[in-house]
Every structure is written in structure tokens, then in C-alpha cells.
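A short worksheet on the structure shown next.
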Amino acid sequence: MKDKFFEIENCQRCNSPLPVRILSWFTDETICIKCSIKETEIKRALPDCGKNYEGCGYIPKNEEALS
Ligand SMILES: [Zn+2]
């Protein structure tokens with residue numbers, strides 16, 4: 001069985017083309033660098049840099065912590 005990670009051509013979050021594929025920290029989506037940077041910002045705002053959120057299946061809403 002082929003790994004679909006290498007077949008995905010567009011970011012699964014914002015749909016932009018993927019020169020670089022990055023696996024989301026929070027979900028099993030393949031995402032672009034822009035979305036990854038956003039995730040990094042969210043992770044930084046979370047307790048333990050989001051360690052406990054790895055693969056949690058959703059993007060934690062943490063606008064309060066980010067503002
Ligand atoms: Zn994206």
C-alpha cells in the first residue's frame with residue numbers, strides 16, 4: 001500500500017500547491033509550510049508547546065493565548 005502522504009499535491013487545509021509536504025502536528029493532514037507555521041504559533045501558545053496535542057485530530061482553538 002502506497003503512502004498517501006507522497007501522493008497529495010495540495011495542502012489539505014488551504015489547498016495551495018505543495019512544494020514541501022509537512023505532516024500536521026495536530027491532525028493526520030498533509031499541509032503546506034504556511035499552515036505549518038500557523039500550527040507552530042498555536043503550539044507555542046499551548047501548555048508544554050502542544051506536546052499533549054500531538055495527533056489529537058483537531059486544531060486547538062487558543063485565540064486567547066495567542067492574542
Ligand atoms: Zn496550507
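We're numbering straight along the sequence, starting at 1. In listed order, ligands and their atoms are each counted from 1.
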Report the distance from atom [atom1] of [X] to atom [atom2] of [Y], rounding to the nearest 0.5 Å.
{"X": "I42", "Y": "W25", "atom1": "CD1", "atom2": "CH2", "result": "13.5 Å"}
{"X": "E39", "Y": "T27", "atom1": "CD", "atom2": "OG1", "result": "6.5 Å"}
{"X": "R13", "Y": "S24", "atom1": "CZ", "atom2": "OG", "result": "4.5 Å"}

What about L46 and Y58, same hydrophobic cluster or not, with Ile/Leu/Val/Met/Phe/Trp/Tyr joined at side-chain heavy-atom distances under 4.5 Å?
-> yes
Show all protein N/O/S atoms under 2.8 Å from the Zn ion (ligand 1), or state that there are none.
-> C11 SG, C14 SG, C32 SG, C35 SG
Beyond-backbone contact of I31 with K38, side-chain heavy atoms, under 4.5 angstrom = no
Taken in chain and number order and not counting sequence neighbours, the residues that satisfy side chain to side chain contact (heavy atoms under 4.5 Å, CB included) with I8 are K4, Q12, L18, T30
